[in-house]
J.: 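Starting off with a structure, shown below.
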Amino acid sequence: EDSAASDKVRSLIRLIQKDDAVAALIKSCNEVGEAFLFGGMIRDALFGSSSAFGDLDIFVSGPLDIGFAESLSRASRRTNFGGMRLVVGRFEVDIWELPKSHAFRIEKGRSVSMPSLLDTVCFSTDAVAVSLQDARIISTSRFKESLKNRSLSFVSRPLGMDILQVVRIARLMVKI
């Protein structure tokens, strides 16, 4: 990755870790495996499309200490995709154990890794993750192409094009 992208990612990590509760959650995740920031927040930082970030999507390669995670959260619930939605500090945090995520539960036999997960996202602009241990950027060639050309393509096509997918495409097009 280029140095501008690395600088943006390091700034993003510093920003989210200013929140002590989020920093504690990330530290506990990195003690049992490697934690990765995934999805829209990274996309928005790298595309330069937003300074007001939304929720954090975190994958953990090891077993999540659910009790500790819940102790940091003002509210928590299970999600439909095998993770948890927490309210930690000033952020909503969606967090999953990588092997228990929807992508690997549905597609048996797929190797459990961040690069493999990136091959299951719907849109090319979401095929990026950042290690919360060393700020290493992991992305697909499709993400790099989208970033370079400010374009959007499918990685994994949705089964149907319902109104929610159409709205999501329109929102992404505005952002990029």
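Just so we're clear, the structure is a prediction, and the values are computed from it rather than from any experiment. Along the sequence shown, residues are numbered consecutively beginning with 1.
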J.: Looking only at heavy atoms, what is the nearest atom pair of L147 and L46, with distance?
T.: CD1-O, 3.5 Å
J.: Nearest 0.5 Å please: distance from the CG atom of L37 over to the CD1 atom of I138.
T.: 11.5 Å
J.: Show the numbers, then the answer: is there a side chain to side chain contact (heavy atoms under 4.5 Å, CB included) between Q17 and V22?
T.: CA-CA 6 Å; Q17 288 191 335; V22 172; 5.5 Å; no
J.: Heavy atoms, side chains only, cut-off 4.5 Å: are I16 and I26 in contact?
T.: yes
J.: About how many Å separate CZ of R85 and OG of S76, when rounded to the nearest 0.5 Å?
T.: 12.0 Å
J.: For a quick test of reading the model, state the closest non-hydrogen atom pair linking V88 to R74 and the distance between them.
T.: C-NH1, 4.4 Å
J.: Testing T125, V155, V128 one by one against S146 for a side chain to side chain contact (heavy atoms under 4.5 Å, CB included), which residue passes?
T.: T125
J.: Let me know which of T79, I58, L117 forms a side chain to side chain contact (heavy atoms under 4.5 Å, CB included) with W96.
T.: T79
J.: Go through the structure and list residues passing salt bridge (charged side-chain N to carboxylate O under 4.0 Å, His left out) with R136, not counting sequence neighbours.
T.: E34, D134
J.: Carefully, step by step, assess D126 and R43 under the rule side chain to side chain contact (heavy atoms under 4.5 Å, CB included).
T.: CA-CA 6 Å; D126 294 329; R43 175 200 60 230; 2.8 Å; yes
J.: Which atoms form the tightest heavy-atom contact between A21 and G89, and what is the distance?
T.: CB-N, 3.9 Å
J.: Begin from the C-alpha positions of S124 and F154 and carry the test side chain to side chain contact (heavy atoms under 4.5 Å, CB included) through to its verdict.
T.: CA-CA 6 Å; S124 57; F154 286 111; over 6 Å; no
J.: Which label fits F59 and F38: parallel for a plane angle under 30°, tilted from 30 to 60°, or perpendicular past 60°?
T.: perpendicular
J.: Just by modelled atom types, is the S113 backbone N or O under 3.5 Å from a matching donor or acceptor in the S116 side chain?
T.: no
J.: Give a yes or no on whether L72 and F91 share a hydrophobic cluster (residues Ile, Leu, Val, Met, Phe, Trp, Tyr; joining criterion: side-chain heavy atoms under 4.5 Å apart).
T.: yes
J.: When rounded to the nearest 0.5 angstrom, what distance separates CZ in R10 from OG in S3?
T.: 11.0 Å
J.: With clusters defined by side-chain heavy atoms of hydrophobic residues (ILVMFWY) lying less than 4.5 Å apart, directly or transitively, does M84 cluster with F68?
T.: yes
J.: Grouping I, L, V, M, F, W and Y whenever their side-chain heavy atoms are under 4.5 Å apart, do F123 and I137 come out in a common cluster?
T.: yes
J.: Quick one: closest heavy-atom pair of L118 and S139, and the distance?
T.: CD1-CA, 3.9 Å
J.: Let me confirm one number: the NZ-CG distance from K8 to L15, rounded to the nearest 0.5 Å.
T.: 14.5 Å
J.: Near Q133 CD, under 6.0 Å, is it more than 12 heavy atoms from other residues, nucleotides or ligands?
T.: yes
J.: Test side chain to side chain contact (heavy atoms under 4.5 Å, CB included) on R78 and I66 and set out the steps.
T.: CA-CA 11 Å; R78 290 268 175 206; I66 294 170; 3.3 Å; yes
J.: L64 and E97: which non-hydrogen atoms are nearest, and at how many Å?
T.: N-OE2, 3.0 Å
J.: For the hydrophobic clusters of this structure (ILVMFWY residues joined by side-chain heavy atoms under 4.5 Å, transitively), does one cluster hold both I95 and V32?
T.: yes
J.: Taking side chain as C-beta onward, heavy atoms only, is V93 less than 4.5 Å from D55?
T.: no
J.: Just how far is it from atom NZ of K18 to atom CZ of R14, taken to the nearest 0.5 Å?
T.: 8.5 Å
J.: Would a distance-only check, ignoring hydrogens and angles, find a side-chain to backbone donor-acceptor pair under 3.5 Å from S11 to D7?
T.: yes
J.: Looking at every non-hydrogen atom in both residues, tell me the closest pair between F104 and R110 and how far apart they are.
T.: CE2-CD, 3.5 Å
J.: Distance from M41 atom CE to L56 atom CG, nearest 0.5 Å?
T.: 4.0 Å
